[in-house]
Amino acid sequence: MSSTLAEQFTKGRFTAGPDADGFYGDFGGRFVAETLMPLILELEQAWEWSRTDENFRRELAEYQRDFIGRATPLYYAERLTEAFGGAKIYFKREDLNHTGAHKINNCIGQILLARKMGKKRIIAETGAGMHGVATATVAARFGMDCVIYMGATDIERQQPNVFRMKLLGAEVIPVESGTGTLKDAMNEALRDWVTNVDSTFYLIGTVAGPHPYPALVRDFQSVIGRETRAQMLEREGRLPDTLMACIGGGSNAMGLFHPMLDDESVQMIGVEAAGHGIETGEHAASLNGGQPGVLHGNRTFLLQSDDGQIIDAHSVSAGLDYPGIGPEHAWLHVQKRVNYVAVTDREAIEAFKLCCELEGIIPALESAHSLAHLAKIAGDLPHDHIVVLNMSGRGDKDMASVANWLEEHGDTDKLPDTTVAAAEPGSVDDMQPPHDVAKKTGESE
Amino acid sequence: MATRISRRFEALKEENRAALVTFTIAGDPNYEASLATLRGLPEAGADIIELGMPFTDPMADGPAIQKAGQRALRAGQNQRKTLQMVREFRQHDQDTPIVLMGYYNPIYRYGVEAFLKDASEAGIDGLIVVDLPPEHDRELCSPAMAAGLDFVRLATPTTDERRLPRVLENSSGFIYYVSVAGVTGGRAPTPDEVEHAIGRIREKSRLPVAVGFGIRSADQAAAIGRFADAVVVGSALVDCIDKADSSDAGTRAVHELTRELAGGVRSARG
């Protein structure tokens with residue numbers, strides 16, 4: 001480790017950001033239209049207030065316990081540990097949260113801020129539904145109007161999540177503009193916000209967007225890392241050696257990493273989606289295959305052309321299918337504090353299957369990406385090397401994606417008979433017939 | 001120092017009328033047609049030309065301008081071609097101010113220094129960049145002004161008294177007042193609200209004030225042109241290209257609407 005890096009640890013510098021202008025080094029900022037600036041400054045004040053206000057902290061803690069179901073367990077993955085034959089593996093079980101992923105940690109925090117700011121209408125973007133469902137859930141709980149923007153194609157393919165959102169009282173608006181992907185849903189949410197700026201709170205789902213969103217989403221997700229730190233000290237009497245998490249926008253990773261960024265002994269690995277392979281150009285690895293640029297209110301690494309036009313991401317997991325990444329990750333990448341790697345669709349699917357078979361846990365395809373990288377390195381690590389992997393969500397939502405992928409790749413021995421799937425139309429989590437399937441099922445991390 | 005923009009506003013002050021500012025996207029529906037449209041705009045009555053730089057993710061634009069940008073990108077438009085288009089325009093017109101409008105990323109990716117140099121040489125007079133509020137003046141505003149380009153700032157209905165001085169501080173050329181909170185091509189502003197807002201800006205700045213967003217017709221242009229220094233029309237012109245059967249027809253339709261709008265601003269203070 002270089003002396004500069006060591007020096008930064010002693011100063012606690014890795015947790016000091018952002019600066020007053022919302023920058024982490026060269027990344028972040030508030031690159032938004034003037035119409036939104038006054039509101040963003042107001043939100044920043046509310047965020048500052050929320051960090052220290054005792055009543056807010058107490059109420060947030062109550063909802064985390066009673067509504068989300070926190071603390072989530074730190075689970076020893078014994079059979080994967082044996083199978084890999086090296087590092088001792090723990091999962092932080094965010095998949096056991098209410099609504100099935102870490103997304104709700106952020107949603108509950110932001111809706112309390114929205115209430116504080118007197119907003120009655122909530123909008124959000126969603127790739128294929130997980131953040132949308134979490135947002136609709138908290139909007140229902142707090143009696144607020146809720147509008148979710150979602151790509152038109154994803155709506156068609158993700159009827160179960162659309163149905164969930166509607167049951168929860170949300171209006172789901174199909175986004176036809178652009179290329180109809182998650183980034184277009186985010187563009188459309190920004191357009192709604194700029195039009196209804198007085199009444200509306202934009203509940204962003206990841207550590208992206210203009211300052212203060214990356215910082216406030218991080219703060220609400222940091223409960224993951226704080227719990228992990230305490231649970232590990234109680235369980236093993238020491239900190240973990242390595243933390244691992246998948247990266248789309250990067251909120252589950254930031255939540256796990258941030259409370260231990262200044263603990264020098266803790267290594268961190270963020271796993272991006274390499275899709276068909278970075279060399280093919282069809283991937284979602286902004287850090288490993290992108291360039292710095294400005295989109296959705298912040299400067300970060302983006303998938304883009306030489307002309308500065310944004311390129312669509314590709315991943316089997318829609319949760320990672322975003323052409324950017326949170327600005328704090330961009331900074332940690334440049335600082336070399338966190339090691340960012342990428343795994344392909346195929347590697348993620350293999351890890352997904354392994355986790356189902358060995359641990360009895362169906363992981364989200366997003367989380368399967370970090371597991372895929374762990375599979376590559378765990379065997380070479382000593383038995384006393386402790387790894388905590390963030391099991392950011394459960395994989396029920398991914399049944400159709402996985403079935404589709406397996407069918408496309410001729411791996412059909414576990415695929416359901418279409419007549420069986422059709423026999424249970426009432427189940428929202430039902431596996432769809434493979435020919436009618438969805439590529440996208442998750443959410444920007 | 002007198003610039004094309006300041007000279008144009010001085011001349012219009014003599015005429016006692018508002019400027020008509022047209023907005024179209026460079027390269028929409030293709031390079032040749034877009035250049036033909038651009039070349040005919042001054043004769044049709046455009047006093048200042050805003051030329052949009054297409055971007056894949058135009059967060060502040062409504063459907064009309066989003067589609068226009070996509071048409072242009074599909075036809076192969078890029079930053080270099082947009083600058084080239086202005087160079088070709090300048091071969092025949094040395095007087096009509098051209099302001100490039102768009103989003104920061106294509107400029108950032110081009111390289112700010114290189115872009116400013118190439119834009120100045122191409123004959124561009126100013127920039128309007130939607131996602132660069134005054135908090136980010138160091139990115140582009142200050143370097144642009146140092147390079148002799150005007151940086152036209154957007155003020156909006158949400159810009160309050162406390163914030164307005166900061167917005168006006170480093171603006172140059174003119175102020176663009178976004179008349180409604182929303183995206184381009186949305187609802188029309190009510191003239192009373194706009195007149196009041198312009199009054200507030202004039203208390204704090206001597207720059208001309210242009211008004212845009214939601215203005216589509218000659219009557220609307222006349223109503224706003226009664227008190228504003230300039231009236232900006234974009235989505236309505238871009239719609240002409242969208243609806244046309246051919247690119248030639250699109251160019252003709254843009255020029256025809258421009259003539260009507262020019263009549264509007266000329267009749268405003270009659």
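Numbers restart at 1 for each chain; the letters A, B, ... are given by sequence-line order, proteins then strands.
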Donor-acceptor pair, side chain of A:Asp307 and main chain of B:Gln79, under 3.5 angstrom: yes
Positions in residues 123-134 of chain B that reach chain A, provided some heavy atom is under 4.5 Å away: B:Val130, B:Asp131, B:Leu132, B:Pro133, B:Pro134
Salt bridge (charged side-chain N to carboxylate O under 4.0 Å, His left out) contacts touching residues 227-238 of chain B (sequence neighbours left out): B:Arg202-B:Asp229
Proximity breakdown for A:Leu41 and chain B, heavy-atom pairs closer than 4.5 Å: side chain
Neighbour count >12 (heavy atoms, 6.0 Å) for atom NZ, B:Lys67: no
Value rounded to 0.5 Å, distance of CG in A:Asp184 from CG in B:Asp57: 6.0 Å
Partner set under ring pair (Phe, Tyr, Trp, His ring centres under 6.0 Å) for B:Phe55, not counting sequence neighbours: B:Tyr103
Chain B contact via A:Ile311 - which portion, at a heavy-atom distance below 4.5 Å: neither
Option that, when pairs with chain B are counted at under 4.5 Å, heavy atom only, ranks first among A:Arg299, A:Glu188, A:Glu176: A:Arg299
Contact class of B:Ile107 relative to chain A, heavy atoms under 4.5 angstrom: neither
Pairwise distance OG(A:Ser305) to CZ(B:Arg109) - rounded to 0.5 angstrom: 7.5 Å
Donor-acceptor under 3.5 Å (B:Glu135 side chain, A:Met37 main chain): no
Within 6.0 Å of CD in B:Glu113, more than 12 heavy atoms from elsewhere: no
Chain B contact via A:Asn196 - side chain, backbone, both or neither, heavy atoms under 4.5 Å: neither
Heavy atoms from other residues, nucleotides or ligands near CZ of B:Arg80 exceed 12 (cutoff 6.0 Å): no
A:Leu295 vs B:Asn105, side-chain contact (heavy atoms from CB on, under 4.5 Å): CA-CA, chis, key distance, verdict: CA-CA 7 Å; A:Leu295 179 71; B:Asn105 197 53; 6.0 Å; no
Plane angle bin for B:His136 and A:Phe23 - parallel if under 30°, tilted between 30 and 60°, otherwise perpendicular: perpendicular
Closest heavy-atom pair and its distance - A:Glu34, B:Thr158: O-OG1, 3.9 Å
Side-chain touch B:Pro63/A:Arg191, heavy atoms, less than 4.5 angstrom: no
Atom pair OG1/CG of A:Thr35 and B:Leu154 - distance to nearest 0.5 Å: 8.0 Å
When A:Leu190, A:Asp306, A:Ile310 are compared by non-hydrogen pairs under 4.5 Å with chain B, the top option: A:Ile310
Structural part of B:Gln66 lying under 4.5 Å from a heavy atom of chain A: side chain
For chain A, which residues of residues 163-191 of chain B have heavy atoms nearer than 4.5 angstrom: B:Arg163, B:Val167, B:Ala181, B:Gly182, B:Val183
Side chain, backbone, both or neither of A:Pro292 within contact of chain B (heavy atoms, under 4.5 Å): both
Minimum heavy-atom distance between B:Thr56 and A:Lys183, given as atom pair plus value: O-NZ, 4.3 Å
